[in-house]
Amino acid sequence: EDVDAVIREVLQQYGEDPEVSAAAAEAAASAAAGGSTSAAQDKPLLAVERRNLNADAEMKRMFGAEAVQEDRVQGRAPGLRGRGGAAAGGPRARRCVLATPRDTWPPLVRAGVGMDQVSALPHGNVLFRFTHSAQYRQVQLHFLQAVRSFNPDNLYAILRGHPYHIDTLLQLSEVFQMNGDTQTAADFVERALYCFENAFHPLFNVATGTGRLDYKEYENRAFFLALFRHIRNVAARGCWATALEFCKLLLGLSPDDDPLGTALLLDYHALRAGQHAYLLRYCRELEAAKQLSWLPNFAFSAAFAEYSLSLIEAAPPPSSSSSPASSTAAADHMAAANSRLQLALVRFPEFLNLLAEHCNATLNPRVAQHPHFRVPLRTSLNPSQQSLRLLVSLYIHRTVSIWKPAHILAWLQENAEAVLDGLEADDNFLNAQTAASRRRTHFGGLPLNITRHVVISDFQAVTSLLPADVSLREVHTHDPMPPPGRTLYDDLEAATPSGREYTGNALTALFESLLPAFEPGMELEGQPFDLGRLRRLIFGEQRPQDAAAAAAA
């Protein structure tokens with residue numbers, strides 16, 4: 001019994017349901033006999049498969065180990081490689097799942113980030129909170145000053161002294177991203193995730209989907225942001241299964257609030273990962289609570305998932321022959337796909353012409369010019385309709401690659417014509433009148449989490465659709481569109497003397513990392529401290545006036 005208990009504990013730690021694992025053979029036999037038992041259907045929607053969090057493993061499956069090796073040895077930021085990582089004489093790296101430590105990384109020793117358990121929540125969930133040590137808070141204040149300097153060299157200075165300062169890693173990652181060095185940008189995000197994972201509370205388990213974090217807590221926000229950017233990075237490498245798994249992890253941290261609008265990512269990554277059944281299950285189980293069919297991304301993606309399943313059922317593997325069951329399943333999925341797509345086109349008609357414009361596709365004149373599918377001028381839209389236009393445009397910009405193939409556009413146009421046929425026979429076809437009324441009132445102003453999602457997704461054409469009051473707001477990359485209310489760092493900055501500004505000098509950063517009590521203005525050997533005097537003491541440098549006097553002599 002003790003051995004069984006240990007096995008169950010290990011399985012749960014790695015995201016496996018022990019009862020499902022024990023019943024695997026029975027499930028397989030049931031499936032072979034025509035049963036419908038599925039372990040995947042028994043798992044919580046946001047449970048994470050730890051083995052699918054490794055982008056390198058997914059790359060190896062797709063392209064082989066050599067491709068991954070070549071990908072990893074290419075450029076890193078000069079001057080920022082570590083000296084003695086896990087494979088270079090540093091401490092032995094713990095086994096991590098969010099990011100694999102690289103030989104080029106510095107050893108991680110007392111980064112100053114921790115995690116506390118805050119409280120138990122309903123349904124077996126637990127609330128946690130990241131914490132910062134006193135020294136880390138001082139470095140964070142220097143970071144905030146460095147950000148206001150608009151000088152990346154000041155960020156480099158902090159990173160040299162504190163190679164695992166998370167906000168600096170994420171900020172410099174965006175600098176590299178904007179300069180086209182996507183590999184170093186991704187490396188810095190992974191280093192931040194590695195630091196976070198080493199700070200996890202022993203009871204915080206990414207696999208179960210029960211650990212919660214409150215985005216209102218300033219110390220938690222960087223973890224959300226790091227995961228969001230990591231999803232972008234692994235998706236850019238074509239690692240769609242990894243991206244989907246990280247979407248589940250990110251959404252599971254705060255599923256009710258969804259502070260970064262991760263639900264607007266999940267459907268697309270599920271489609272690209274081929275997880276059509278999972279997406280349909282997600283829509284089905286959350287429809288009553290969240291009305292996902294009234295979000296353009298889920299409405300159209302669910303139709304796309306049904307269509308994809310119909311094609312899969314209609315084209316069985318070459319080793320097997322088509323059966324009446326597969327033909328029936330293909331027909332059922334196609335009927336469901338058409339039904340879902342027509343309902344989506346009734347509720348969100350502007351999608352059709354906006355997509356065609358984005359794809360440079362030519363539609364049937366009857367469809368393209370029909371009043372139902374007309375795209376009104378943005379200036380004529382009320383706030384609800386403007387919010388909806390933004391959501392539709394965001395979905396199109398993100399998913400255009402899967403909608404632009406000729407056979408997909410043909411299927412889309414066929415269903416658009418079916419919608420027009422239905423409207424001509426009944427002007428309330430699929431409750432079209434209710435849909436039109438709801439478009440004018442349902443979407444209201446943009447929630448803060450959707451605004452934040454648009455800002456960090458950085459689709460320029462979509463960002464331009466944000467309301468003017470949002471577009472004019474100052475946006476900080478390290479904390480985009482923060483929740484209302486003050487934070488600890490607001491109070492600390494207010495208490496910081498105005499004359500104390502971080503110089504951004506690497507030597508200052510190093511000295512502060514060695515002496516946490518160091519402050520500019522402190523006394524050194526009974527005399528007022530200044531950086532020039534420190535240099536002279538350490539390196540024997542001369543003051544300019546002394547050097548001039550020596551030269552004159």
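Using modelled atom types, one finds no donor on one side chain facing an acceptor on the other under 3.5 Å when comparing Thr208 with Asn205. Using modelled atom types and a 3.5 Å distance limit, the side chains of Asn154 and Ser149 yield a donor-acceptor pair. Looking only at atom types and distance, the side chain of Arg110 has no donor-acceptor partner in the side chain of Ser133 under 3.5 Å away. Inspection of the Arg272 and Tyr268 side chains reveals an N or O donor paired with an N or O acceptor under 3.5 Å.
Taking every heavy atom of both residues into account, Tyr395 and Ser301 meet most closely at OH-OG, 2.9 Å. Counting all heavy atoms, side chain and backbone alike, Asp214 lies closest to Asn220 at O-ND2, 2.9 Å. Heavy atoms only, all atoms of each residue included: Phe130 and Val113 are closest at CD2-CG1, 4.0 Å. Of all heavy-atom pairs between Pro482 and Leu448, the closest is O-CD2, 4.0 Å.
Considering only residues two or more places apart in sequence or on other chains, Met178 meets the side-chain contact (heavy atoms from CB on, under 4.5 Å) condition with none of them. With sequence neighbours excluded, the residues satisfying side-chain contact (heavy atoms from CB on, under 4.5 Å) with Val470 are Thr451, Leu466, Pro467, Met481. With sequence neighbours left out, the salt bridge (charged side-chain N to carboxylate O under 4.0 Å, His left out) criterion links Arg378 to no other residue. Judged as a side-chain contact (heavy atoms from CB on, under 4.5 Å), and not counting sequence neighbours, the contacts of Asn233 are Gln177, Ala186, Val189. Shown here are the salt bridge (charged side-chain N to carboxylate O under 4.0 Å, His left out) partners of Arg389, two or more places apart in sequence or in another chain: there are none. Legend: residues meeting side chain to side chain donor-acceptor pair (under 3.5 Å) with Ser173, ordered by chain and number and at least two apart, are absent. Listed by chain and residue number, Leu377 satisfy the side-chain contact (heavy atoms from CB on, under 4.5 Å) test with Thr379 (two or more places apart in sequence, or in another chain). Partners of Glu219 under the salt bridge (charged side-chain N to carboxylate O under 4.0 Å, His left out) rule, at least two apart in sequence or in another chain, are Arg129.
Applying the ring pair (Phe, Tyr, Trp, His ring centres under 6.0 Å) rule to pairs touching residues 461-488 yields Phe143-His478, His476-His478, sequence neighbours excluded. Among residues at least two apart or in separate chains, there is no salt bridge (Lys or Arg N to Asp or Glu O under 4.0 Å) pair with a member in residues 445-462. The salt bridge (Lys or Arg N to Asp or Glu O under 4.0 Å) analysis of residues 469-488, with sequence neighbours excluded, yields the pairs Arg221-Asp479, Arg486-Asp491.
Under the 30°/60° scheme for interplanar angles, the aromatic rings of Phe348 and Phe300 are found to be tilted. Ring orientation note: the planes of Tyr215 and Phe224 are nearly perpendicular, at an angle over 60° on the 30°/60° scale. Ring-plane geometry between Trp240 and His269 is classed as tilted, the angle between the planes lying from 30 to 60 degrees on a 0 to 90 degree scale. Relative orientation of the Phe188 and Phe176 rings is perpendicular, given thresholds of 30° and 60° on the angle between their planes.
We find the NE2-CG distance between His453 and Leu390 to be 9.5 Å, quoted to the nearest 0.5 Å. Put simply, CG on Asp267 and CG on Asn297 are 4.0 Å apart, with the number rounded to the nearest 0.5 Å. Atom CD of residue Glu174 and atom OG1 of residue Thr477 lie 6.5 Å apart, to the nearest 0.5 angstrom. The distance from atom CZ of Phe459 to atom CG of Leu394, rounded to the nearest 0.5 Å, is 6.5 Å. Here CG of Asp116 is found 10.0 Å from CZ of Phe128. Values are rounded to the nearest 0.5 Å.
The backbone N or O of Cys96 lies less than 3.5 Å from no partner atom in the side chain of Tyr194, so there is not a single donor-acceptor pair. Without hydrogens or angle criteria, Glu197 side chain to Val97 main chain gives a donor-acceptor distance under 3.5 Å. With hydrogens and angles disregarded, a donor-acceptor distance shorter than 3.5 Å links the side chain of Gln385 to the backbone of Asn382. Side-chain atoms of Asp258 come within 3.5 Å of backbone atoms of Ala263 as a donor-acceptor pair (strictly under, hydrogens ignored). Judged purely by atom type and a 3.5 angstrom limit, Ser384 uses its side chain to pair as donor or acceptor with the backbone of Phe443. In this structure, Asn179 contributes its side chain and Val175 its backbone to a donor-acceptor pair below 3.5 Å.
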For the pair Arg232 and Phe228, evaluate side chain to side chain contact (heavy atoms under 4.5 Å, CB included) and give the outcome as yes or no after the intermediate values.
CA-CA 7 Å; Arg232 175 195 66 190; Phe228 190 96; 5.6 Å; no

How far apart are the C-alpha atoms of Leu354 and Val375, what are their side-chain angles, what is the distance that settles it, and do they pass the side chain to side chain contact (heavy atoms under 4.5 Å, CB included) test?
CA-CA 8 Å; Leu354 289 174; Val375 179; 4.0 Å; yes

Test side chain to side chain contact (heavy atoms under 4.5 Å, CB included) on Leu279 and Phe298; report intermediate values, then the result.
CA-CA 9 Å; Leu279 174 58; Phe298 283 108; 4.0 Å; yes

Working for side chain to side chain contact (heavy atoms under 4.5 Å, CB included), residues Thr168 and His162:
CA-CA 9 Å; Thr168 302; His162 307 277; over 6 Å; no

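Residues Glu58 and Arg237 are not paired through a salt bridge, judged by the lack of any N-O separation under 4.0 Å between the basic side chain and the carboxylate. Under the 4.0 Å criterion applied to side-chain N and carboxylate O atoms, Arg102 and Asp56 are assigned as salt-bridge partners.
Between Phe223 and Phe200, the ring center distance clears the sub-6.0 Å criterion.
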Let me have the donor-acceptor pairs involving side chains of residues 245-257, under 3.5 Å, with sequence neighbours excluded, atom names and distances please.
{"unit_1": "Glu245", "atom_1": "OE2", "unit_2": "Glu49", "atom_2": "N", "d": "2.8"}
{"unit_1": "Glu245", "atom_1": "OE2", "unit_2": "Lys248", "atom_2": "NZ", "d": "3.4"}

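Note that Arg191 lies in the cation-pi zone of Tyr164, set by a 6.0 Å cut-off to the ring centre and a 45° limit from the axis.
Taking a 6.0 Å sphere around CD of Glu357, one finds it holds 12 or fewer heavy atoms contributed by other residues, nucleotides or ligands.
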